[in-house]
Amino acid sequence: MTLALRTEEDADDGGPRHPLFSDAPSSVSFNKLRKRLLRQVRQAIDDFDMLKGQKRWLIGVSGGKDSYSLLALLMDLKWRGLLPVELIACNLDQGQPNFPKHVLPDYLSSIGVEHRIEYRDTYSIVKEKVPQGATYCSLCSRLRRGNLYRIAREEGCDALVLGHHREDILETFFMNFFHGGRLAAMPAKLLNDDGDLMVLRPLAYAAEDDLAKFAAAMRFPIIPCDLCGSQDGLQRNAMKAMLADIEARMPGRKDTMLRALSHVNPSHLLDPKLFDFSSLATVTSNDDQL
């Protein structure tokens with residue numbers, strides 16, 4: 001099943017807007033931004049066949065700009081009849097100190113979306129297991145992902161849907177490139193190890209700057225991360241700074257890099273597992289056979 005794509009102008013037909021957008025700006029710039037993000041989400045859903053066999057999605061909502069934006073855009077598409085799946089939002093309260101427990105349940109209730117708030121003190125586990133000065137992100141994300149898989153199964157969902165965007169994908173690619181010695185990014189569609197859940201990233205084509213502007217205009221109640229966000233010198237921050245510098249000097253390079261990830265030529269790389277170099281042979285002429 002695919003979403004029938006229309007033009008950018010058709011993405012918002014000028015009719016009634018989802019109640020979620022009742023207090024949103026009515027400016028031309030915001031409408032263009034919203035339509036662009038909707039178009040990019042629909043394009044990603046189509047390109048990666050995200051609706052295949054899907055009936056119910058668990059949307060991971062952290063309280064950050066990206067997951068709020070993801071939820072709003074998916075709710076808008078569903079309200080327009082363009083997303084034929086059930087949506088349930090989920091926040092995993094990981095026990096960070098001073099986490100405002102009321103913000104997300106209050107907000108999710110106010111916009112009328114089915115939701116589940118789950119408490120699991122993974123914060124204490126991360127603080128205990130990770131040495132002083134080391135980065136928390138890897139262990140924290142593994143614990144969070146494991147719990148979200150469990151919740152998705154308990155809620156009868158086919159997929160876990162996450163708010164990773166264009167910059168997340170590019171940063172992951174360069175982290176693997178520079179530090180991992182491999183060419184790998186963050187896929188828009190992934191089957192989990194157990195083979196029973198899809199992981200989907202409908203914001204794969206969306207720019208982080210656009211999501212930041214969208215979240216600010218929508219006045220989402222942002223909750224900062226006091227665990228990972230408190231650490232300096234993360235490799236991802238270095239990749240983010242590098243990409244920002246490249247984009248500033250050569251505008252449009254981020255989009256070019258993202259396109260490159262979908263135009264791979266294995267015969268022009270160096271991995272014999274992806275391309276059978278041993279089968280390459282020159283053509284023998286008739287004169288040589290005599």
Side-chain angles (χ1 to χ4, degrees), residues 3-47 57 59-83 87 89 91 100 103-104 106-113 115 161-170 188 201-225 229 240 243-244 246-259:
L3 288 176
L5 291 177
R6 297 177 291 176
T7 65
E8 180 175 344
E9 290 74 20
D10 289 335
D12 186 347
D13 57 13
R17 302 207 296 183
H18 188 289
L20 181 62
F21 295 91
S22 59
D23 295 328
S26 57
S27 64
V28 172
S29 61
F30 177 77
N31 285 332
K32 286 184 176 180
L33 171 63
R34 176 167 160 264
K35 287 188 285 186
R36 179 165 62 250
L37 289 170
L38 284 171
R39 187 185 70 248
Q40 289 169 339
V41 168
R42 295 166 70 193
Q43 187 69 60
I45 290 173
D46 272 2
D47 285 353
W57 286 359
I59 315 299
V61 181
S62 65
K65 68 182 188 311
D66 307 324
S67 59
Y68 274 130
S69 298
L70 171 67
L71 179 61
L73 294 165
L74 293 180
M75 288 180 66
D76 196 10
L77 289 174
K78 181 173 175 59
W79 188 73
R80 295 170 180 276
L82 296 171
L83 188 64
L87 303 178
N91 171 252
V103 171
L104 274 163
D106 287 353
Y107 176 76
L108 295 173
S109 296
S110 73
I111 63 174
V113 65
H115 62 275
V161 186
L162 303 173
H164 296 120
H165 46 67
R166 180 187 70 177
E167 276 70 14
D168 289 322
I169 292 172
L170 292 175
R201 297 182 171 97
L203 295 181
Y205 296 150
E208 184 175 15
D209 284 348
D210 279 353
L211 294 169
K213 293 173 185 175
F214 182 77
M218 293 292 292
R219 296 192 291 256
F220 294 134
I222 303 297
I223 302 173
C225 176
K240 185 182 291 291
L243 288 166
I246 292 173
E247 184 71 15
R249 290 186 289 110
M250 296 178 286
R253 293 314 96 185
K254 287 183 179 180
D255 283 335
T256 301
M257 289 184 226
L258 196 69
R259 285 198 302 273

query = Distance from Glu167 atom CD to Met257 atom CE, nearest 0.5 Å?
reply = 10.0 Å

inquiry  = Consider side-chain contact (heavy atoms from CB on, under 4.5 Å). Of Leu77, Val41, Leu73, which one does Leu83 pass it with?
reply    = Leu77

message = Show the nearest heavy-atom pair for residues Asn31 and Ser26, with the distance to one decimal.
response = ND2-O, 3.6 Å

remark   = With sequence neighbours left out, the residues meeting side chain to side chain donor-acceptor pair (under 3.5 Å) with Asp76 are Arg34, Arg80

ask   = Which is it for Val61 and Tyr107 under the side-chain contact (heavy atoms from CB on, under 4.5 Å) test, yes or no, and what are the steps along the way?
value = CA-CA 11 Å; Val61 181; Tyr107 176 76; over 6 Å; no

request  = To the nearest 0.5 Å, tell me how far His165 NE2 sits from Leu37 CG.
outcome  = 11.5 Å

All side chain to side chain donor-acceptor pair (under 3.5 Å) counterparts of Lys240, not counting sequence neighbours = Glu171, Glu208

task = Supply the atom-to-atom distance Leu243 CG to Lys254 NZ, rounded to the nearest 0.5 angstrom.
result = 6.0 Å

query = What distance do Leu71 atom CG and Ile111 atom CD1 have between them, rounded to the nearest 0.5 Å?
reply = 5.0 Å

Considering all heavy atoms, the nearest Pro202-Ile45 contact = CB-CG1, 4.4 Å

Within 6.0 Å of CZ in Arg253, more than 12 heavy atoms from elsewhere = yes

ask   = Do you know which two heavy atoms are closest between Pro25 and Ala217, and how far apart they sit?
value = CD-O, 3.5 Å

query = Are Phe220 and Val103 close enough, and set up right, to give a side-chain contact (heavy atoms from CB on, under 4.5 Å), and what steps lead you there?
reply = CA-CA 10 Å; Phe220 294 134; Val103 171; over 6 Å; no

ask   = So, the side chain of Ser109 versus the backbone of Asp106: is there a donor-acceptor pair under 3.5 Å, distance only?
value = no

task = For the residue pair Arg166 and Asp210, establish whether any side-chain heavy-atom pair is separated by less than 4.5 Å.
result = no

message = A side-chain contact here means heavy atoms from C-beta on lying under 4.5 Å apart; do Leu20 and Val113 qualify?
response = no

ask   = Short question: side chain of Asp66, backbone of His164 - any donor-acceptor pair under 3.5 Å?
value = no

query = Aromatic rings Phe214 and Phe30: how do their planes relate, parallel, tilted or perpendicular, breaks at 30° and 60°?
reply = parallel

Shortest non-hydrogen separation from Ser67 to Gly60 and the atoms involved = CB-O, 3.3 Å

key: Distance, nearest 0.5 Å, that separates CD1 of Ile59 from CG of Leu108   = 11.5 Å

inquiry  = Restricting to non-hydrogen atoms, name the atom on Met218 and the atom on Ala24 that form the minimum distance, rounded to 0.1 Å.
reply    = SD-CB, 3.7 Å

Separation between CG of Leu87 and NZ of Lys78, rounded to the nearest 0.5 Å = 5.5 Å

Partner set under side chain to side chain donor-acceptor pair (under 3.5 Å) for Asp209, not counting sequence neighbours = none

